[in-house]
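In what follows, a single structure is set out as structure tokens and then discussed.
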Protein chains: 2
Amino acid sequence: MGEDSRRLGGRTGGRLGDVREAALTLFAERGYRATTMRAIGEALGLRGPSLYNHVGAKQELLRDIMLGTLDRLLAEHAAAVAGIEDPAEQLRRAVVAHVRYVVSHKREVLVNNREVLSLDEPSRVLLVARRNEYERLFRNLVERGLEEGRFEVESARMASYSILDMGNGVAVWFREDGAMTGEEVAAHYGRLALQAVGARPA
Amino acid sequence: MGEDSRRLGGRTGGRLGDVREAALTLFAERGYRATTMRAIGEALGLRGPSLYNHVGAKQELLRDIMLGTLDRLLAEHAAAVAGIEDPAEQLRRAVVAHVRYVVSHKREVLVNNREVLSLDEPSRVLLVARRNEYERLFRNLVERGLEEGRFEVESARMASYSILDMGNGVAVWFREDGAMTGEEVAAHYGRLALQAVGARPA
DNA sequence: CCTACCGATCGGTAGG
DNA sequence: CCTACCGATCGGTAGG
């Protein structure tokens, strides 16, 4: 008895994956500090202390979620722009990939948007570094478009911040059962971003 | 002795204003739950329990900050668009006013962006209602511009969300001693927003 | 405005 | 994986 309640997802199979999945849901719904180990255990039909058979500390769950999100975003970005020359098309694909990630990993993105202060050092500096790295990729695309005379903005940096903030904001209002599918939203944001940087046909 | 450490700002004069000001700084720097009443008191040269002579509860400090921010944004918006006919110009002014508020109330905006989950009911529903009200104002401007054939976007709702998310994001990276003044950033975002909605000259 | 202190919560450990 | 429990933290009150 008591062998059920798993298969919730969780990139890593087994119990650890279940714990991460339950933690992700609760962190997104209530916030990191308002989520107790007991509550995470309860979601899995366990007692709080039992979680320590799979996790070293509550903080590790947050760290893995937040750093993992950035790793995956960086990977998706690379795949999205690979093999494309046109900076406008690259930017559009990068934005679509970003928003696609946001709508399909809403909880992760919500946690990433809100819990920076809950992340202990040294993970926090690592996260900020990875975020900066990710932002630079977008900024570079904007700069290339600018050099080639395809875009028209006064600051590539503000443009890249704007584009990322727009995209991250989708996590707040997107509903799986809403009027638009995630794919539609992603496509729309791709076009919105191009328009924001003043993209002109080649 | 012990009659110093005030004049930190705080819309309401006197001690209550000082407490709010200290709380705002700490909530923005460490987060609401990581900020103790003792720490707020310490920032004012007081003991934690002394704060209860001026404040009913820690939660009231958060509520006043968050709801107050929205009240002020709503008022600034009304002033910014009053007397203007052209929806493009109205939108530009509304965005400039928004970003102006963000750069001059960075801490407030950071708290508003991150602490929704820390806000107890019924304040939370009130805040969300006020946020929706504020978003609708932007959405209405976008819709009017669309009706008059001045803008070109597929969804006024996504456009308004994007514009607000862009603007709120400024609180994360803006530095008073940075390369651009708040006024320059606000002006830039005003133009960026118009470009994002595909604004065309009248 | 202060000291003393209560009551509750919570992460994590011990020890099976 | 569980029960029992420790140690620390913290909002708020009592009572001057």
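First the proteins, then the strands, lettered A, B, ... as listed; each starts at 1.
Under the 3.5 Å distance criterion, with hydrogens and angles disregarded, no donor-acceptor pair is assigned to the side chains of A:Ser118 and A:Arg33.
Atom CG in A:Leu16 sits roughly 12 Å away from atom P in D:dC1 (whole-Å rounding). As rounded to whole Å, 14 Å separates atom P of C:dC10 from atom CG of A:Leu51. Atom CG of B:Asn53 is separated from atom P of C:dC2 by 9 Å (rounded to the nearest Å). One interatomic measurement links the two molecules: CD of A:Glu42 to P of C:dG11, which rounds to 13 Å at whole-angstrom precision. Protein atom OH of B:Tyr32 is 8 Å distant from nucleotide atom P of D:dG11, rounded to whole Å. Rounded to a whole Å, the CE atom of A:Met37 is 13 Å from the P atom of C:dC10. Following rounding to the nearest Å, A:Glu60 (CD) and C:dG11 (C1') show an atom-to-atom distance of 13 Å. Rounded to an integer number of Å, the gap from CZ of A:Arg38 to C1' of C:dG12 is 15 Å.
Regarding contacts with the backbone of D:dC10, every side-chain N or O of B:Arg33 stays at 4.0 angstrom or more from both OP1 and OP2.
Listed for the A:Glu121 side chain is a donor-acceptor partner under 3.5 Å among the backbone atoms of A:Val125.
Taking every side-chain heavy atom of A:Leu46 into account, D:dC1 is the closest of D:dC10, D:dT3, D:dC1. Each of D:dC1, C:dT3, D:dA4 was ranked by its minimum atom distance to the side chain of A:Pro49; first place goes to D:dA4. The A:Ala57 side chain lies nearest to C:dG12 when the options are C:dA4, C:dG12, D:dC10. For A:Ser50, whose side chain is taken as the heavy atoms from C-beta onward, the closest listed nucleotide among D:dC2, D:dT3, C:dG11 is D:dC2. When distances are taken from the side chain of A:Tyr52 to each of D:dG12, D:dC10, C:dG11, the shortest belongs to C:dG11.
Checking D:dC6 for Watson-Crick or G-U wobble geometry (two distances, each under 3.5 Å) identifies C:dG11 as its partner. With a cut-off of 3.5 Å on both pairing distances, the Watson-Crick or G-U wobble partner of D:dG16 is C:dC1.
Each of A:Thr35, A:Val111, A:Leu67 was evaluated against A:Leu62; a single residue qualifies, A:Val111, per the side-chain contact (heavy atoms from CB on, under 4.5 Å) test.
Aromatic rings from B:Tyr189 and B:His98 are positioned such that their centres are separated by 6.0 Å or more.
Under a cutoff of 6.0 Å and an axis angle of 45°, A:Lys58 and A:Tyr32 form a cation-pi pair.
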